[in-house]
Amino acid sequence: MRFLLLLWMIVSYCTVGISQNGVRIDSLENALLTRTKDSSEKIDLLHEIAKLQFKKAPDMAFSRSKEALDIARRINCITCELASLSLMAKASKQLNNYDEAILLLEEAIALEEEVENDYRIGIAAYDLGKIYRDLGRDSLAISRLMKSREIFMRLGNDENLGIVLRKLGSIHKGKGNFETAVTYYQEALDRSVLLKDSFAIVKTWVHLGNLYQKMTHLDVALNYYMDAKKYYEAKKDQPNIASSYHSLGQNYFYRNSFDEAESYALESLALKKTLGLSNKLGSTQLLLGLIYKEKKQYSLSRTFLDSALNAFTLDRKENIAVVKRSMGDLFLAQKNYSQAIPNYKESLKLFREQKQEPNIRDVLHNLSVVYEKKGNYKEAMKYLTEYKITRDGLDAKHLKALEYANRYTTVKHDLALERSKNETIQKEKELQESDLRHQKLISWLYLCLLFIFSILFFAFRQRSHRKLAEKDLELKQRELEEMLKDVELNYTYARIEGIDEERERIARELHDNLGSMLSTVKLYFNMMGKKVLASKQQDSFKKGNELLDKTCEEVRRISHNMETGVSSFGLKTMLHRLVDYINETKEIEVELHLGDLGEPISTHRETNVYRIVQELVCNAVRHADASKLTISLNRYNGTMNVLIEDDGKGFNPEKVVKKSGMGLSGVKTRVKKLGGTINIDTGKGVGTSISMDLKTS
């Protein structure tokens, strides 16, 4: 009963809205009948009617806008003519008549250039760029958007400039030009921050999250998505909350956390349906299809993929191509190779039309796998060769983009910190100088009234303020020195992390490139095995094939051995290795006590915890003259407690921190980064106990 009542209210509301819209149009039509002569007032009426008809009757909107254009040209009203062209272009786009919309916008730009209206030229160029993007003509889209960017930059219009920059970043992201995309998104974010435009900042966060997710930088992407979700929930922005759930579902899908991905995707789909966002359902239905495929619920997967394909029927070819590729993946998982191949080929054709290099690479690889499974090694070799060429080009772009983004963010952050600190010091200095001048004026007034007594009072005040200013300046200098030390430590840790990343990169190169080459050799062997070989050659062929398999296993073993960091083996394993290594020296006895550490925390946090323990243990071994060292780790209520104790000679913490070395200062910096606290209990000749409480999320 409640459902029927709610349905009746919705229908009534929509009916009233439509009715009111119709009454408004009728009123304007009646007013139009009274305007028998051509005039700007008649043009305004036609424009208002056209605006009301865009959604329900775009053909009528186009007709009314065309009528207004004819009148504008007869009375020589350039501003009216421009408005009519813009409305006609909008109506043409609604009717999917993109070619006509392009011609109308190009005509509008030419007319705007005659009257030198740069702002309107920038808007029209942006609209053209969007249309070319929808048509998949990315080169023309970029050309028009660059013109719009140049105009808004010259006009100092940061709001519209940010919109253009985000669109440019999206196009380059789709083309696989990640370095260029990072540049545009960062510039858009800078403009939004200057404007203090929270909505634009959050929108750019989402774009950056999508970019880093595509670059498989999942932790960075997750941070952007979570920040955006919190903002939209605070604003109760339901459509964008639904989009945030979708993005988080994708992120967890790429992490292989399929239950979390399913939960977010279902929430997104339900909210979109509730809000009536039918044009947004396809992307989430596609995501659910992929999730259920990974969960081996193939029937559900096929249902959602079919729904997504229906939703994308009138959408861009890029979305249809993604669904077709996903269909191919589903059939491949079901070992239905005959149906997988046509779906992959259709998606490959569409991706090539769109010049979507990352997707082209993935489909080529899957086609080589399907043909190998079918025993068609000639086709498998053909697609494998194309895949390797495409992959090598994209890997180079990917690594360059990550390097640029990290360098850009680090340098920009450090400069911003230094600039902010200097500005704060300068403002405080100016305030102090202003205060001193004010006190001087008061003192001189007292001097005139009270003579010698006022002079003595002024001297006392002057001396007091000078000492206070000197103390404040000394304090600020110390803070600046601490800041510089923190920056130096951050750069040092970045270099250390870079070494670990380089080891992992070499391991990937061994696994991907050399492993891929050996797989290619394996294919050739299999092709030879299918052809005519003398029976006396079969034993040699078999031994060669076995030797090739052993070679593949050896390359895989070496690549895995290269991955020696916390990210590969986990915190517990690395701590046991550290303790075993030190105990082998027989210089000191080390005990390790690991309590219930619960679920694993992020790799970044585990690495920092390990570095903290490693630094403190090394300090104890080198300086404490201890015979026994105990390491204890426990976890409770979202906090990890780390306790390190030794029976050595102890030290003075204040003197150690003031030294230029990185030991204890570096530990404190890492603890601060993890949102934790540290307590040092030590003294000369009484040993040392260092306790830390570190947040696990």
Do the side chains of N96 and Y98 get nearer than 4.5 Å, heavy atoms only?
yes

Is a side-chain donor or acceptor of D59 paired with a backbone partner of L95 at a separation under 3.5 angstrom?
no

Any residue meeting ring pair (Phe, Tyr, Trp, His ring centres under 6.0 Å) with Y184, in chain and number order, not counting sequence neighbours:
H172

Exercise answer: donor-acceptor pairs, residues 193-201 side-chain atoms, under 3.5 Å, sequence neighbours excluded:
unit_1: D197; atom_1: OD1; unit_2: F199; atom_2: N; d: 3.3
unit_1: D197; atom_1: OD1; unit_2: A200; atom_2: N; d: 3.2

Assess whether a salt bridge exists between K66 and D70, defined as any Lys/Arg side-chain N lying under 4.0 Å from an Asp/Glu carboxylate O.
yes

Within residues 154-167 or reaching into it, pairs that qualify as salt bridge (Lys or Arg N to Asp or Glu O under 4.0 Å) - sequence neighbours excluded:
D118-R154, E150-R154, D158-R191

Separation of Q250 CD from S283 OG (nearest 0.5 Å)
7.5 Å

Is a side-chain N or O of S347 found less than 3.5 angstrom from the main chain of Y344, in a donor-acceptor match?
yes

Contacts of type side-chain hydrogen bond (donor to acceptor under 3.5 Å, both in side chains), residue E81, not counting sequence neighbours
R73

Is Y225 reaching over with its side chain to a backbone N or O of N210, donor-acceptor style, under 3.5 angstrom?
yes

Output for pair (L135 CG, D99 CG), nearest 0.5 Å, gives 7.0 Å

Ignoring hydrogens and geometry, is there a side-chain-to-backbone donor-acceptor pair from K324 to E346 under 3.5 Å?
no

Of all heavy-atom pairs linking S92 and L104, the shortest is OG-CD1, 3.8 Å

Is the backbone of A61 close enough, under 3.5 Å, to the side chain of S65 for a donor and an acceptor to pair up by distance?
yes

What is the minimum heavy-atom distance between V206 and A228, and which atoms define it?
CG2-CB, 3.7 Å

How long is the span from the CG atom in L218 to the OG atom in S602, to the nearest 0.5 Å?
12.5 Å

Find the distance between CD1 (I291) and CG (L287) and round it off to the nearest 0.5 Å.
4.0 Å

Ignoring hydrogens, what is the shortest heavy-atom contact between E113 and I121? Give both atom names and the distance.
CG-CD1, 3.5 Å

I'd like to know if K147 pairs up with E112 as an ion pair, taking the criterion as any Lys NZ or Arg NE/NH1/NH2 lying under 4.0 Å from an Asp or Glu carboxylate oxygen.
no

Any L103 side-chain heavy atom under 4.5 Å of M88 side chain:
no

Walk me through whether L286 and S326 qualify under side-chain contact (heavy atoms from CB on, under 4.5 Å).
CA-CA 8 Å; L286 170 60; S326 302; 3.5 Å; yes

Looking only at heavy atoms, which two atoms of A181 and K173 are closest? And how far apart?
CB-N, 3.8 Å

State whether E386 and R352 are salt-bridged, where the test is any N-O pair (Lys NZ or Arg NE/NH1/NH2 against Asp/Glu carboxylate O) under 4.0 Å.
yes

Is any side-chain heavy atom of I123 closer than 4.5 Å to a side-chain heavy atom of N160?
yes

Considering only heavy atoms from C-beta outward, does the side chain of N343 approach that of R325 to under 4.5 Å?
no

Specify the closest pair of heavy atoms between A221 and N251, including all atoms of both residues, with the distance to one decimal.
CB-ND2, 3.8 Å

State whether the side chain of T183 and the backbone N or O of E179 hold a donor-acceptor pair below 3.5 Å, judged by distance alone.
yes

Does NZ in K229 sit with more than 12 non-hydrogen atoms of other residues, nucleotides or ligands closer than 6.0 Å?
yes

For the atom pair CE (M153) and CG (N157), what is the distance rounded to the nearest 0.5 Å?
11.5 Å

Pairs in or reaching into residues 116-150: which pass ring-ring contact (aromatic ring centres under 6.0 Å, His included), with residues at least two apart or in two chains?
none

Step through the shown structure and confirm whether more than 12 heavy atoms of other residues, nucleotides or ligands are within 6.0 Å of NZ on K203.
no

Could you state the interatomic distance from CG (D127) to CD1 (I102), rounded to the nearest 0.5 Å?
12.0 Å

side-chain contact (heavy atoms from CB on, under 4.5 Å) assessment of I75 paired with I43:
CA-CA 10 Å; I75 66 174; I43 293 172; 3.8 Å; yes

Taking the side chain as everything from C-beta on, heavy atoms only, tell me whether N223 gets closer than 4.5 Å to Y212.
no

In terms of heavy-atom contacts, Q94 and P58 come closest through CB-CB, 3.8 Å

Return each pair, listed once, that meets disulfide (SG to SG under 2.5 Å) where at least one residue sits in residues 71-115; pairs must be two or more places apart or across chains.
C77-C80

Working note: E106 + R144, criterion side-chain contact (heavy atoms from CB on, under 4.5 Å); need CA distance, chi angles, decisive distance, verdict.
CA-CA 10 Å; E106 292 286 9; R144 282 305 181 185; 2.6 Å; yes

Could you tell me if the side chain of V363 sits less than 4.5 Å from the side chain of K345, heavy atoms only?
no

Quick one: are L222 and R255 in side-chain contact, heavy atoms under 4.5 Å?
yes

Pair E67 + K42: basic N to acidic O under 4.0 Å
no

Side chain of S86, backbone of L82: donor and acceptor closer than 3.5 Å?
no

Go through the steps to decide whether V202 and D227 satisfy the test side-chain contact (heavy atoms from CB on, under 4.5 Å), and finish with yes or no.
CA-CA 8 Å; V202 176; D227 289 342; over 6 Å; no

pair L266-T284: side-chain heavy atoms closer than 4.5 Å
no

Donor on one side chain, acceptor on other, Y245 and S263, under 3.5 Å:
no

